[in-house]
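Since the structure is predicted, the reported quantities are computational estimates derived from the model, not experimental observations. Letters A, B, ... mirror the listed sequences (proteins, then strands); counts begin at 1.
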Amino acid sequence: MAKQYWLMKAEEEAYSIEQWKKDKSIFWDGVRNYTARNFMRDQMKKGDGMFFYYSNGKPSGIVAIGEVVKEGYPDHTAFDPKDIHYDPKSDPKKPTWYMVDVKFVRACKQIVGLDLLKKVPGLKNMKLFKESRLSVSPVTEAEWKIIMKMIDAQ
DNA sequence: GCCAACGTTGGC
DNA sequence: GCCAACGTTGGC
């Protein structure tokens, strides 16, 4: 299958790129939305590219580039009553929630803000704008290339 | 901090 | 299975 591209959101207070840089590879736990879950469980493949996006930021935008290194597997935080993402309805024998591992590739010199992304004609159909509440969303190859160029030009 | 958008829950 | 109420996300 051809390489695919994704955009994944986190709040800076929840997980920062400085932390990611240190950790190198992380599991993307805590997603509790079926659409996002389906992308992680069924579609994300090893080697796929991803943009790390700060939501609820000042401003919000893309801050780093990563790569999928482990394909969908059960999100164990759903089984832990002490975890904030605990979901008693997820059965370890038949897990409801899945996650992937993503490794840090590089940080943007500066944030590629949402306001900037919105101004680019080639990006006007981005899923990010249309389904703004989705924490994992697909990025087309054309969109990926445009954004990579914006990052390289920084 | 407000509020629009939208997913989820639960009563019927 | 409908739909109102409620909760969450995320831009501003």
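- Distance CG (Leu128(A)) to P (dA5(B)): 17 Å, rounded to an integer number of Å.
- Listed nucleotides: dT9(B), dG11(C), dG7(C). Nearest to the side chain of Lys89(A): dT9(B).
- If you check the side chains of Ser135(A) and Arg37(A), you find no donor sitting under 3.5 Å from an acceptor.
- In this entry the distance linking CD of Glu131(A) with C1' of dC6(B) reads 10 Å, nearest Å.
- Remark: Lys9(A) is not in phosphate contact with dT9(C), judged by side-chain N or O atoms under 4.0 Å from OP1 or OP2.
- dG11(C) atom P lies 10 Å from atom CD1 of Ile111(A), rounded to whole Å.
- Look at CG on Leu134(A): it is 11 Å from P on dT8(B), rounded to the nearest Å.
- No contact: Tyr54(A) has no heavy atom under 4.0 Å from any strand.
- The interatomic distance linking Phe129(A) (CZ) with dA5(B) (P) rounds to 17 Å, in whole Å.
- Side-chain contact, Asp87(A) with Trp97(A): a donor N or O sits under 3.5 Å from an acceptor N or O.
- Atoms NE2 (His85(A)) and C1' (dT8(C)) sit 13 Å apart, rounded to a whole Å.
- Counted by atom type alone, Asn38(A) and Tyr98(A) present zero donor-acceptor pairs between their side chains at under 3.5 Å.
- In this structure, CD1 of Ile84(A) is placed 10 Å from P of dT9(C), rounded to the nearest angstrom.
- One finds a side-chain N or O of Ser60(A) lying less than 4.0 angstrom from the OP1 or OP2 phosphate oxygen of dG11(C).
- Nearest to the side-chain atoms of Arg133(A) among the listed nucleotides dC12(C), dT8(C), dG10(C) stands dT8(C).
- Judged by the 6.0 Å and 45° rule, Lys3(A) forms no cation-pi pair with Tyr5(A).
- In the set dT8(C), dT8(B), dG10(C), the nucleotide with an atom closest to the side chain of Tyr34(A) is dT8(B).
- Residue Arg32(A) contributes atom CZ, which lies 23 Å from atom P of dC6(B) at whole-angstrom precision.
- In summary, the aromatic rings of Phe51(A) and Trp6(A) are positioned with their centroids too far apart to meet the 6.0 Å limit.
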